[in-house]
Amino acid sequence: MAENRASVNTEGGAGAVPEGIPCWVDAQLPDVEAGRRFYGELFGWTFREASGASVWALLDGRPVAALAHKTDGRMPTVWTVYFSTPDAQATVRRVRSAGGQVVMPPFPVDGQGFAALAADPEGAVFGLWQPGSHPGFGLRHVPGAFAWAQLYARDTEIANTFYGHLFHEALFGPGAAPDFGRVPVTDVFPEVMPPHFLVHFGVRDCQAALGTVGRLGGRVQAGPFTASYGIVAVVTDNQGASFALLQR
């Protein structure tokens with residue numbers, strides 16, 4: 001499980017990623033081969049074998065995500081966003097002191113760095129990545145690559161306080177992160193939906209991408225709708241993992 005959960009970039013990138021910036025995403029899937037077919041056609045990804053039962057997704061030869069085999073059927077089928085940190089142990093201490101929970105303490109990943117999983121006070125799960133030899137995404141902000149991470153929270157003030165405690169400069173400093181937003185969960189989802197992060201991937205044409213999602217066995221959860229950062233549609237893949245399409 002630890003090996004699969006930490007399918008973080010193993011090449012590419014342009015130096016250290018600032019603390020609190022989304023730096024990697026992975027999906028835990030029951031069937032990685034089915035995931036390769038779905039995302040390969042949707043985003044034009046190619047794949048390369050990685051450690052354990054995971055594969056790296058490549059766009060133009062550069063890593064953009066990972067797909068990993070879900071080893072426990074009780075685990076959710078889900079996309080997870082990882083935030084960069086220079087010191088994972090110190091960050092998980094701040095998680096605890098701010099009222100969050102540590103789901104998986106920091107552990108080493110093949111000499112690449114250290115990974116951890118945590119949950120905020122409302123239960124939204126996210127990852128932490130302390131770079132070693134590899135900093136994170138090889139490519140972002142282009143169609144087919146990571147574009148945004150949106151936190152759907154019950155109380156955005158609680159979220160601002162918690163994540164500000166973890167990543168103050170990234171969220172509120174002069175170089176505030178352009179890749180992470182917070183809104184009430186009820187803006188898009190029913191009130192019963194729990195707080196969660198939603199990974200967004202860039203697309204050139206949201207409507208065309210939705211047609212591909214449907215043809216491949218996925219479904220539309222919400223949208224398309226216009227957000228401050230672009231046109232968004234929330235979808236699930238053919239195994240139930242939710243993500244969003246973002247047309248800038």
Side-chain angles (χ1 to χ4, degrees), residues 1-9 13-28 65-66 68 75-76 78-137 140 146-185 193-200 229:
M1 175 180 173
E3 196 172 58
N4 287 345
R5 281 271 24 152
S7 302
V8 185
N9 178 19
V17 179
E19 182 176 17
I21 301 297
C23 66
W24 192 246
V25 293
D26 69 14
Q28 296 287 310
M75 293 170 56
V78 66
W79 278 97
T80 300
V81 60
Y82 291 78
F83 293 90
S84 183
T85 172
D87 187 336
Q89 291 286 0
T91 304
V92 298
R93 287 195 293 270
R94 294 201 299 272
V95 167
R96 292 188 179 103
S97 68
Q101 297 183 10
V102 177
V103 178
M104 184 179 293
F107 57 91
V109 184
D110 299 334
Q112 302 169 31
F114 290 83
L117 285 179
D120 68 19
E122 294 191 324
V125 174
F126 60 95
L128 299 169
W129 177 246
Q130 178 185 328
S133 55
H134 308 290
F137 293 119
R140 68 170 82 206
F146 171 84
W148 188 263
Q150 188 79 309
L151 171 62
Y152 287 96
R154 289 259 179 264
D155 187 325
T156 55
E157 288 304 315
I158 290 175
N160 286 339
T161 299
F162 176 80
Y163 291 99
H165 183 67
L166 258 59
F167 309 125
H168 183 272
E169 287 302 312
L171 298 186
F172 306 115
D179 295 340
F180 171 27
R182 288 86 64 206
V183 296
V185 68
M193 177 71 76
H196 64 285
F197 278 94
L198 186 67
V199 174
H200 292 49
Y229 49 92

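Along the sequence shown, residues carry numbers from 1. If you're wondering where the values come from, they're calculated on a predicted model, not measured in any experiment. Below, all heavy atoms of this structure are taken into account, side chains as well, without hydrogens, waters or symmetry copies.
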| remark: Heavy-atom nearest pair, Pro121 first then Phe162, reads CD-CD1, 3.3 Å
| Does the side chain of Gln89 come within less than 4.5 Å of Pro105's, by heavy atoms? | no
| message | In the structure I gave you, are the side-chain heavy atoms of Phe146 and Pro22 within less than 4.5 Å of one another anywhere? | response | yes
| Donor-acceptor contact present, side-chain Arg182 to main-chain Phe180, <3.5 Å | yes
| query | Measuring from Cys23:SG to Phe83:CZ, what's the distance to the nearest 0.5 Å? | reply | 9.0 Å
| field | Heavy-atom closest pair, residues Asp120 and Phe126 | value | N-CE2, 3.8 Å
| said: Go through it in stages, so that I can follow the logic: the residues are Trp129 and Val109, the test is side-chain contact (heavy atoms from CB on, under 4.5 Å), and I'd like the CA-CA distance, side-chain angles, deciding distance and then a yes or no. | reply: CA-CA 10 Å; Trp129 177 246; Val109 184; 3.8 Å; yes
| task | Taking the side chain as every heavy atom from C-beta outward, state whether Pro131 and Ser84 have any atom pair closer than 4.5 Å. | result | yes
| Would a line drawn from the ring center of Phe114 to the ring center of Phe107 be shorter than 6.0 Å? | no
| Non-hydrogen atoms of Val95 and Ala119 that approach each other most closely | CG1-O, 4.2 Å
| Closest heavy-atom pair and its distance - Phe197, Val125 | CD1-O, 3.4 Å
| message | Let's go through Phe167 and Thr91 carefully: what are the C-alpha distance in whole Å and the side-chain angles of both, what is the deciding distance for side-chain contact (heavy atoms from CB on, under 4.5 Å) to 0.1 Å, and is it a yes or a no? | response | CA-CA 9 Å; Phe167 309 125; Thr91 304; 4.2 Å; yes
| Asp155 and Glu122: CA distance, side-chain angles, deciding distance, side-chain contact (heavy atoms from CB on, under 4.5 Å) verdict | CA-CA 8 Å; Asp155 187 325; Glu122 294 191 324; 3.5 Å; yes
| query | At what distance, to the nearest 0.5 angstrom, does CD1 of Ile158 lie from CZ of Arg154? | reply | 11.0 Å
| message | As a quick check of understanding, evaluate side-chain contact (heavy atoms from CB on, under 4.5 Å) for Leu198 and Trp79, giving each step before the final call. | response | CA-CA 8 Å; Leu198 186 67; Trp79 278 97; over 6 Å; no
| query | Which heavy atom of Val185 sits nearest a heavy atom of Pro194, and at what distance? | reply | CG2-O, 4.2 Å
| Validation row: Leu128, Pro106 side chains within 4.5 angstrom (heavy atoms) | no
| message | Can you confirm whether Gln28 sits close enough to Thr80 that some side-chain heavy atom of one is under 4.5 Å from a side-chain heavy atom of the other? | response | no
| task | Please examine the side chains of Arg140 and Ile21, heavy atoms only from C-beta on, and report whether any two atoms are closer than 4.5 Å. | result | yes
| query | Nearest heavy-atom pair of Ala88 and Gln130: which atoms, and what distance? | reply | N-OE1, 2.9 Å
